[in-house]
Amino acid sequence: MAGRPRFQSTPWTNGIPQVSSHGQRQQAPAQSLPISTARIRGPAMRQPREVTSFSYDNNRSLHFDDSSLSYFYLLQDDVTACGGIDLSAGYNVFKKRDDTIDEHLDGMLLSLVDLEKNTGKKTTGDIITWRGIVTKLLCLPYSRQDGFELNAVWFDRQLFIEEDLPYKLATRRPSDERSELMSYWGYKFEQIATIPRLWNECSRQEIESRGQKPVSNVAQYCSVVKTGLGDVRMVIAGEVDCVWDYKPDPKDNVDNDPKLFDNPLDHYVELKTNRVIQSDRDASTFESKLFKVWAQSFLLGVPKAIIGFRTEQGYLQTFEEFETQKIPGIVKKSKYSNPYTTWDGVDALAFLAACLQWLKTTIPRAEENIVWKIRYLPRSDYLTASKTDQQSFLHPEFVKWRSEHPMK
């Protein structure tokens, strides 16, 4: 039937055996999505628009404001003048967030309660989740080596999705000292590339001494945006590394004129680090990494990424800006990309559109507060869905608010 998602007419819906990408014959589970073939071609993408934001401070306390927002400030001369910046500095006093604590969707849901109290309107959308989960689904056709589990539940006519943290922790690869140090380099780059307020509001001493302070990844600033793909509307929240110049005051957009609207997302920046490119292999590896950089930025509406290039020993040598919308074209035209592994942003979005539609229609909307498990096994050909007897993971305050204040 014209216009219907491709996966609705494929044989797996009847449990007919399929041939996997590895040449093995597989029995498709009853509730499953074939990753190799599920596509909705040319899905319309709704322009992301920020509806609210929130911050976690260094004590991991939640605030419904921009207090943890950072501002980009780094000069090439500051990097090259000293022959490079040591990204390992301060590693021994790194304040690392405890990622074994399950925060579910709490910060996002509580920010929506605050928003709805102020506006008197329900935040509309079919699916509500973290940007990282949508990124995981978007990248899945080209990144099948790691498995994952998601929990999904309908409530108040909306589907909420979180990552299953116990599964993530149980399957996480043990990290060695080198891996921990390399992870730290990314946080150190964020520290030396940003300041806590606008440049003219910071003292010279504050700017010049920022690299001497202990690094912490506990504080975070998150943007909550409305977006959508195909027939599925989404509300997603994701961490924003910094703002390029300034964040528009919501009061400046009170007239709601689309032509005059100054979208905060247009001012945000994604920060990453990568090894200095010295060979064709380095270039090919970097272009593979750009897939996730593009996916993260594109989904949240962040227009640019700044990537710091470091040595094998962790010394920052330079940094470069990449426009999000141009990243797929850069990789497509590159002579370094492997034709058998190169990612395709258009194809990935076609899969995501099919995946979101499948989630929306497969998990029964009438079964509110019943948790479903979305599973992907490493190197599998299918994404599966099954009902569980788990308790809902939604924050009690959010459930209470929505239950006591029904809004259309």
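No experiment lies behind these values; they were computed from the predicted model shown.
Tested against F72, the residues Y268, Y246, W244 include a single ring pair (Phe, Tyr, Trp, His ring centres under 6.0 Å) partner, W244.
Between the side chain of T171 and the backbone N or O of Y167 there is at least one donor-acceptor pair closer than 3.5 Å. Looking only at distances, no side-chain donor or acceptor of D78 sits under 3.5 Å from a matching main-chain atom of L74.
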CA sep, side-chain torsions, deciding dist, call: T129, E162, side-chain hydrogen bond (donor to acceptor under 3.5 Å, both in side chains): CA-CA 6 Å; T129 188; E162 68 158 10; over 6 Å; no
Salt bridge (charged side-chain N to carboxylate O under 4.0 Å, His left out) assessment of E50 paired with K247: CA-CA 11 Å; E50 184 175 274; K247 179 177 179 181; 3.1 Å; yes
Residues E206, R197; criterion salt bridge (charged side-chain N to carboxylate O under 4.0 Å, His left out); working and verdict: CA-CA 10 Å; E206 190 173 23; R197 295 178 303 283; 2.5 Å; yes
Stepwise salt bridge (charged side-chain N to carboxylate O under 4.0 Å, His left out) check, E239 with R131: CA-CA 8 Å; E239 182 179 8; R131 182 262 310 268; over 6 Å; no
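Scanning for salt bridge (Lys or Arg N to Asp or Glu O under 4.0 Å) contacts around R402 gives E116, D156, with sequence neighbours left out. In this structure, F393 has no ring-ring contact (aromatic ring centres under 6.0 Å, His included) partners at least two apart in sequence or on a different chain. With sequence neighbours excluded, no residue satisfies ring-ring contact (aromatic ring centres under 6.0 Å, His included) with F64. D344 is linked by a side-chain hydrogen bond (donor to acceptor under 3.5 Å, both in side chains) to nothing, counting only residues two or more places apart in sequence or in another chain. With sequence neighbours left out, P214 forms a side-chain contact (heavy atoms from CB on, under 4.5 Å) with V93. Here I195 pairs with Y71, Y73, W199, C202, I207, R210 under the side-chain contact (heavy atoms from CB on, under 4.5 Å) rule; sequence neighbours left out. In terms of the ring-ring contact (aromatic ring centres under 6.0 Å, His included) criterion, residue partners of F160 (sequence neighbours excluded) are, by chain and number, F398. The side-chain hydrogen bond (donor to acceptor under 3.5 Å, both in side chains) check on S203 picks up nothing, with sequence neighbours excluded. Not a single ring-ring contact (aromatic ring centres under 6.0 Å, His included) links Y315 to another residue, sequence neighbours left out. In this view, S143 satisfies the side-chain hydrogen bond (donor to acceptor under 3.5 Å, both in side chains) rule with no residue, not counting sequence neighbours. Considering only residues two or more places apart in sequence or on other chains, A348 meets the side-chain contact (heavy atoms from CB on, under 4.5 Å) condition with L138, Y142, F291.
A salt bridge is defined here as a Lys NZ or Arg NE, NH1 or NH2 lying under 4.0 Å from an Asp or Glu carboxylate O, and R172 with D99 meets this definition. Taking the charged nitrogens against the carboxylate oxygens, R157 and E368 have no contact shorter than 4.0 Å, which rules out a salt bridge.
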Donor-acceptor pairs under 3.5 Å, side chain of residues 295-310 to any protein atom, not counting sequence neighbours: which ones?
residue, atom, partner, partner atom, Å
Q296, OE1, K272, NZ, 3.1
S297, OG, V293, O, 2.9
K304, NZ, E321, OE1, 3.4

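Using modelled atom types and a 3.5 Å distance limit, the side chains of T384 and K373 yield no donor-acceptor pair. Side chains of Q191 and K188: a donor on one and an acceptor on the other come within 3.5 Å. Side-chain contact of D262 with H267: a donor-acceptor pair under 3.5 Å is present, judged by distance alone. No side-chain donor-acceptor contact under 3.5 Å links H395 and D106. Y187 and Y91 share no donor-acceptor pair across their side chains, judged by distance under 3.5 Å alone. In summary, the side chains of S88 and W185 do present a donor paired with an acceptor at a separation below 3.5 Å, with no hydrogens or angles considered. When only modelled atom types and interatomic distance are considered, S111 and D114 share no side-chain donor-acceptor pair under 3.5 Å. For the 3.5 Å distance criterion, the side chains of N59 and S61 fail to qualify, holding no donor opposite an acceptor. N369 and S392 form no side-chain donor-acceptor contact under 3.5 Å, judged by distance and modelled atom types alone. Side-chain atoms of S380 and R144 form no donor-acceptor pair, as typed in the model, at a separation below 3.5 Å. When only modelled atom types and interatomic distance are considered, Q47 and T227 share no side-chain donor-acceptor pair under 3.5 Å.
The structure places OG of S179 at 10.5 Å from CZ of R173, a figure rounded to the nearest 0.5 Å.
Closest heavy-atom contact between D66 and S55: C-OG, 3.6 Å. The two residues Y56 and G107 have their closest heavy-atom pair at OH-CA, 3.3 Å.
No side-chain heavy atom of I128 sits under 4.5 Å from any side-chain heavy atom of M234.
The ring of W154 has its center no closer than 6.0 angstrom to the ring center of W372.
For the pair K136 and F148, the distance from NZ or CZ to the six-membered ring centre is under 6.0 Å and the angle to the ring normal is within 45 degrees.
By the neighbour-count criterion of 12 heavy atoms within 6.0 Å, atom NZ of K292 is sparsely surrounded, having that number or fewer from other residues, nucleotides or ligands.
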